[in-house]
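Below you'll find the structure, written out as structure tokens, and then a few comments.
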2 protein chains.
Amino acid sequence: MTSELRAHMPLTDDTAFLLARANARSLAATHAGLADHGLRVRSYSVLALAVAEARLSQRDIAEYLWLDPSQVVSLVDDLQRRGLVTREPDENDRRAKVVVATEAGRRLHRDAARSVAERERETLETLDAAEQQRLRELLLRLAFPV
Amino acid sequence: MTSELRAHMPLTDDTAFLLARANARSLAATHAGLADHGLRVRSYSVLALAVAEARLSQRDIAEYLWLDPSQVVSLVDDLQRRGLVTREPDENDRRAKVVVATEAGRRLHRDAARSVAERERETLETLDAAEQQRLRELLLRLAFPV
DNA sequence: TATTGTTATACTCTATAACTATA
DNA sequence: TATAGTTATAGAGTATAACAATA
């Protein structure tokens, strides 16, 4: 970056722009962390929710990850084909299918999460621990407004 | 969102996830604000940099917006075709082209920025003014690490 | 009637490599 | 030898509409 640009820095008072650029950096780090595990950001996210004990339906996953329900279908298809998750019938609603991680899915997620955390740590180290915590609190309220 | 999910909230200690979801909300708001102005997020961002007085080259723009230089070519092509920006030769480097907004480009940007700001305000209102400022400071350091 | 998962399709965005002109 | 802009192409991500099964 030129010194002139450093001094001026357009758009840096624009939350949307800062959010987009910070997210781009974070995405690159996550992508790099997942590369060796045969996962992409979206399939990793779905797997992470399947590993969590929340017993989410595909519709829940779509809402949570801000994806279209039709996208979740092919993501779960892929994970299921690889033996990482299963579709279980919801006992209360026969339309819905709960996505649950298999033992292999849990193992892969654990290894992938470790790689991702390592990369993310480098991305976040420009903030100290308290600042990172404060950032997460603010982002949480933005990501999930009450 | 189910109450069970509200209670559990997987991934909410994951900065990358929160960043992605907050960015998705912000993007949707920006997109809605731009819809009536014939602009998309990426073309709007390039136009915003052209309106700024930083006299950025296409390469600068690519780096700043985290885009590939080849993507900037077609974005500038489109804006230029619509008379919103011009490519000016860089006096110091004949390879480089500086992207500058025309008067029409400035007008469109002003109108679009107003629409975007309105939508963004709704997205951000879950935080008070001081919190929004604090968030921008933290994001800036994440987006542009020294 | 509304919702869940599914299929299909078109469009946008992203990643990569090669080429040219200039440095 | 390296860099700025350009062209081309393939792959990933996104948006939308329609349908069957179930609520």
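Keep in mind that the numbers below use all heavy atoms, side chains included, and drop hydrogens, waters and symmetry copies. In what follows, chains are A, B, ... by sequence order, proteins preceding strands, each numbered from 1.
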What distance do L47(A) atom CG and L39(A) atom CG have between them, rounded to the nearest 0.5 Å? 6.0 Å
May I ask you to say what S74(B) touches in the nucleic acid, namely base, sugar-phosphate or nothing, with a heavy-atom cut-off under 4.0 Å? nothing
Closest nucleotide among dT6(D), dT14(C), dT6(C) to the P69(B) side chain: dT6(D)
With a 3.5 Å cut-off and sequence neighbours excluded, list the donor-acceptor pairs that the side chains of residues 137-146 of chain A form with protein atoms.
residue	atom	partner	partner atom	Å
E137(A)	OE1	R134(A)	NH1	3.4
E137(A)	OE2	Q133(A)	NE2	3.3
R141(A)	NH1	E131(B)	OE2	3.0
R141(A)	NH2	T126(B)	O	3.0
R141(A)	NH2	E131(B)	OE1	3.1

In this structure, how many angstroms lie between the P atom of dT6(D) and the CG atom of D78(B), rounded? 14 Å
Which residues share a side chain to side chain donor-acceptor pair (under 3.5 Å) with R107(A), sequence neighbours left out: none
Just wondering, do V76(A) and R87(A) contact through their side chains at under 4.5 Å, heavy atoms? yes
Does R87(A) or L67(B) map to a spot on DNA chain C nearer the 5' end, using the closest nucleotide for each? R87(A)
Assess the residue pair E125(B) and R121(B) against the criterion (side-chain contact (heavy atoms from CB on, under 4.5 Å)); give the C-alpha distance rounded to whole Å, side-chain angles, the decisive distance to 0.1 Å, and a yes or no. CA-CA 6 Å; E125(B) 71 185 358; R121(B) 188 155 30 77; 5.6 Å; no
When you check the phosphate oxygens OP1 and OP2 of dT6(C), does a side-chain N or O of R59(A) lie under 4.0 Å from one of them? no
The contact string for nucleotides 16-23 of chain D, one letter per nucleotide 5' to 3', using protein heavy atoms under 4.0 Å with B, S and - for base, sugar-phosphate only and none, comes out as B----BBS
Taking 4.0 Å as the cut-off, does a side-chain nitrogen or oxygen of R40(A) come that near to OP1 or OP2 on dT14(C)? no
Measuring centre to centre across the rings, with the benzene-like ring taken for any Trp, is F17(A) within less than 6.0 Å of Y64(B)? yes
With a 4.0 Å limit, can you tell me whether R42(B) has a side-chain N or O closer than that to the phosphate oxygens OP1/OP2 of dT12(C)? no
Please report the distance, rounded to the nearest Å, between CD in E91(B) and P in dA23(C). 13 Å
Between dT4(C) atom P and L56(A) atom CG, what is the distance in whole Å? 13 Å
Roughly, in whole Å, what's the span from CG in L75(A) to P in dA12(D)? 12 Å
